[in-house]
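Here's the structure, in C-alpha cells; my notes come after.
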Amino acid sequence: MYYTQEQIDRANQADLASFLQGQGEQLIRAGQEYRWKRHDSLTVRENKWYRHSQSKGGAPIDFVMEFFGKSFTEAVEMLTGEKGAAPPLDRPSPAPISDFRLPPRSTDNRIARNYLTAARRIDEDVTGFFFASGDIYEEVAHHNAVFVGRDENGIPRYAHQRGTTGSFRLDVKGSDKAFNFCYRGEGERLFVFEAPVDLLSFLCLFKKDWQKQSYLSLGGVGEKALLRFLSDRPNIKTVYLCLDNDNAGSDACSRLAELVPEGLTVHRLVPLYKDWNEVLQHRAEIADGKYIREAIYGLKEPTQEETVEIIRMSEVDTQTVEWLWEPYIPFGKVTIVQGNPGEGKTTFALRLAAACTTGGTLPGMKPLPPFQVIYQTAEDGLGDTVKPRLIEAEADLDRVLVIDEAKRELTLSDERIEKAITQNGARLIILDPIQAYMGEKTDMNQANEVRPMFRRLADVAERTGCAVILIGHLNKAAGGQSAYRGLGSIDFRAAARSVLLIGRVKREPNVRVIIHDKSSLAPEGKPVAFCLDPETGFEWIGEYDITADELLSGAGGNNATKTEQAEKLILDLLADGKELASEDIEKAAADAGISARTVRAAKKNLDGRITSKRIGAAWYHALKK
C-alpha cells in the first residue's frame, strides 16, 4: 500500500483532539491543550502530542502508531480515511514476497552466536536482543549468520548471509536493499552504518539507552535503504552517518548528505580505527572511552527553526531524599569532605566506611543494614595503612572494595566507577583525595573542565543511588571564608549537594570537628566532634559549639570566650598598619556572630595595644607602633 507525500502531510496535519474525541476518548481541557484522561501524562495541542513522563512526542502518524498499535500505512489511513494506492511508476516497487525466501534456520544459533561474540567481540546482551527478535539467526546448511531486514509491517524483505568462517558474504536472492538490517526506535535520531556488524559494534560502544533511537545498515554505501527508511519514519530529525574511516566512506558521506531530504540535520561520526568493529576489538586499549576520531557536525542543516525542548515542572516527579547520615550525607548525591592535611578527614572516612559495613552508626545516624563500600585512595598504602586502620575501626573487610588501578589510573569520569557500583551493589564510594582523580589533562582550576566531569559523576550517583564522597584538601588562603578554601574551581563546591569541613580545634589539639558547611537538600546539621587521643584512640564527642570560619581561623572552640574571639578579630582587622572606623569593626564582628557590646569590651582589654582617635563624628582605631 502506497501513500503520496501529500497524503502523509495531510495525515500529519490532523487535529489530535478531534481525532481522539472521534475515537470516543475523554479529554480534559488544560489551557490551550488537552490532557488525555486514559494517559494523564500526555497532552495534545492541534497536531502535536507530548508524553511528559517519557519526555517524547511528535506528530499524528507516530501518535497513532504509538498508542493504537498501527503500522505506518494503517496510521495514515486512520487519520485521513483514505485508502492507499499502488506505487507510482517512478517509484521502484519492492520485490514480490513470493520471489524472496529466508534461508532455512538451524535448530540453534550456537555457531553464529559464537562467531559474533568470540570472533567479533560483540556483547552477548546486544546479540541476544537481535537473536530473540529473529533479525539474526543461523542458517542450517553452512551455519552462516543471517541478518534480516523487514518492512514497516515486520515482513522480511531482505537477508544478508555472513560466513562464520572465512570471508563469505552474500545477499539472499530476491532481497530488496531498500529494507536492510535495522532497528526502529521511537527517538528522533538515526545512525547509519555500512554493515550489520558495524551497527552491532557501535551499540556495544554506546550502549546507554540505545533502544530509544534508530539504527540502519546500508549493506554497502548505497542510498536506497536510507531514503526508504526516512520516507517511512517521518519522526527522524537527525541523521548520523557512521561509515568507515576511509576514502570510500568519506565520499559516500558527502554524497548521502546531499540526498537526505531537506529539513533534516546530518552529522558524521568517524570511528577511531577503520570501522566500528575494529574499534570494538581494541576497546580495552582505548583510554576514557574516546572511540570517535572526529565528529563532523552540520554536513547538512535544516532550514526551518528547530523547536526548543521544554520540560513542564508540573510533570516533574517529586523525589524523597534517602540519607546515609541525615542531614550530612545523602544517598544518590555527591558530598565533599574537606580540610587541611592531617586533621582527620581520612580517619572520619574510614570510620564511616567501617560503620556502613557492619550496620554501625555515627552520632544521630539511623541504623542501616550492612552494605558494600568502595574505598579509593591515592595517598595511603592499602596493606600498611588502610587495612590496619579499618581493622582498628572494626570494619567487615569483605565488604570494603577497591577498584584495581594497576593497569589504568581511575578518574572521576571513568566508566569503571559506575560498573563497580552496580556489579557489587555498593551504596557508598569514597575517593581520597579528589585532586588525584581529576585526570592528568584536567585543570582543576578551570570551571569549564571541572563542571562536565562533576556532572557525569553526579549522574552516576543519581542512577545508582550510591552516596559519593570526595575527600579534598584546603588551599593556603588563611583567614578566607570556608566557601573559598577548597582547592581548585569553586565549581567543586557548587556541584556537591553537601559539603563537610573537618578541622582541628586550636585550643584542644586532640579534638576534630565536622562542620556542615553547605547543604542543598536539608537544613545544615550541627557541628559534630570526635577525639583522636594518642593514648585512648578514637572516640565520638557529639555536638560542638563552633562555626566554620572560627575553626579555620583558630579562634573557636568550647573554651574560647566571645570576648577573646572579638579581640583576635580586631587584631586581624588592624593588621598591616590598617586604620578602621568603629562602625566597620562592629559590622565585621556582627558578621562573625559577635555583639557590639562584646566588641567594646574587647577594645577595652586591648587598650594598651591599639590607639583611638576621633575624626568628625566617628572613632578610628589602629595598632600601636
Side-chain angles (χ1 to χ4, degrees), residues 3 5-82 152 184-190 208-209 211-214 230 232-239 261-265 301-322 332-333 455 458-459 462-463 497 520-522:
Y3 284 96
Q5 188 60 49
E6 289 76 16
Q7 289 174 303
I8 294 172
D9 291 342
R10 193 155 56 249
N12 270 333
Q13 292 301 317
D15 184 89
L16 284 172
S18 301
F19 169 79
L20 284 170
Q21 289 168 341
Q23 300 297 315
E25 299 290 343
Q26 296 185 29
L27 302 179
I28 302 171
R29 184 95 184 198
Q32 296 182 348
E33 300 177 332
Y34 289 91
R35 190 179 301 278
W36 191 5
K37 191 172 183 179
R38 187 151 60 93
H39 291 275
D40 60 2
S41 74
L42 185 140
T43 57
V44 297
R45 180 177 180 180
E46 297 176 348
N47 68 329
K48 299 293 183 185
W49 63 277
Y50 193 77
R51 193 171 190 177
H52 302 274
S53 62
Q54 298 182 9
S55 300
K56 71 177 183 178
I61 292 177
D62 47 277
F63 175 81
V64 175
M65 293 171 66
E66 171 87 6
F67 295 100
F68 289 85
K70 302 297 182 182
S71 67
F72 179 82
T73 52
E74 290 171 336
V76 175
E77 180 180 353
M78 197 170 181
L79 289 162
T80 62
E82 302 171 8
E152 281 283 327
R184 297 176 175 90
E186 297 299 328
E188 299 179 345
R189 300 177 181 180
L190 170 63
K208 180 183 176 184
D209 298 331
Q211 295 180 29
K212 292 183 179 179
Q213 309 303 333
S214 295
L230 294 175
D232 287 342
R233 305 288 287 184
N235 62 303
I236 299 298
K237 298 292 188 296
T238 306
V239 177
E262 294 297 327
L264 299 181
T265 300
E301 296 285 359
T303 54
Q304 73 271 21
E305 183 178 356
E306 294 188 11
T307 303
V308 177
E309 297 294 335
I310 298 296
I311 298 173
R312 298 175 187 272
M313 287 304 300
S314 60
E315 302 297 336
V316 175
D317 293 333
T318 303
Q319 297 180 343
T320 301
V321 178
E322 285 191 81
K333 308 293 179 184
R455 180 67 266 167
D459 288 343
E462 191 81 33
R463 285 193 298 268
R497 299 299 85 197
S520 300
L521 303 174

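Worth saying up front: this structure is predicted, and the values here are computed from it rather than measured.
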- How far apart are the C-alpha atoms of Y34 and R45, what are their side-chain angles, what is the distance that settles it, and do they pass the side-chain hydrogen bond (donor to acceptor under 3.5 Å, both in side chains) test? CA-CA 6 Å; Y34 289 91; R45 180 177 180 180; over 6 Å; no
- Sequence neighbours excluded, which residues qualify as salt bridge (Lys or Arg N to Asp or Glu O under 4.0 Å) partners of D317?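 Per chain and number, D317 pairs via salt bridge (Lys or Arg N to Asp or Glu O under 4.0 Å) with no residue.
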- Message: Which residues pass the salt bridge (Lys or Arg N to Asp or Glu O under 4.0 Å) test with E46, not counting sequence neighbours?
- Response: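 Expected list: none.
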- Message: Could you work out, with ring pair (Phe, Tyr, Trp, His ring centres under 6.0 Å) as the rule, every residue matching F19, not counting sequence neighbours?
- Response: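 By the ring pair (Phe, Tyr, Trp, His ring centres under 6.0 Å) rule, F19 matches F68.
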- Task: Using side chain to side chain donor-acceptor pair (under 3.5 Å) as the criterion, list what pairs up with Q13, not counting sequence neighbours.
- Result: none
- Message: The criterion is side chain to side chain donor-acceptor pair (under 3.5 Å); which residues satisfy it with R184, sequence neighbours excluded?
- Response: E152
Which residues pass the side chain to side chain contact (heavy atoms under 4.5 Å, CB included) test with [X], not counting sequence neighbours?
X	result
S520	R497, K518
E462	Q319, K333
R312	E33, H52, S314, E315
R463	K208, E418, D459, V460

- Message: Less than 4.5 Å apart, side chain to side chain, heavy atoms only: is that true for F63 and L20?
- Response: yes
- Message: Tell me if a side-chain donor or acceptor on S214 pairs with a main-chain N or O of G185 at a distance below 3.5 Å.
- Response: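 Yes, the answer is positive, given that a donor and an acceptor are paired below the 3.5 Å cut-off.
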- Query: Do any N or O atoms from the side chain of D209 and from the backbone of K212 form a donor-acceptor pair under 3.5 angstrom?
  - Reply: no
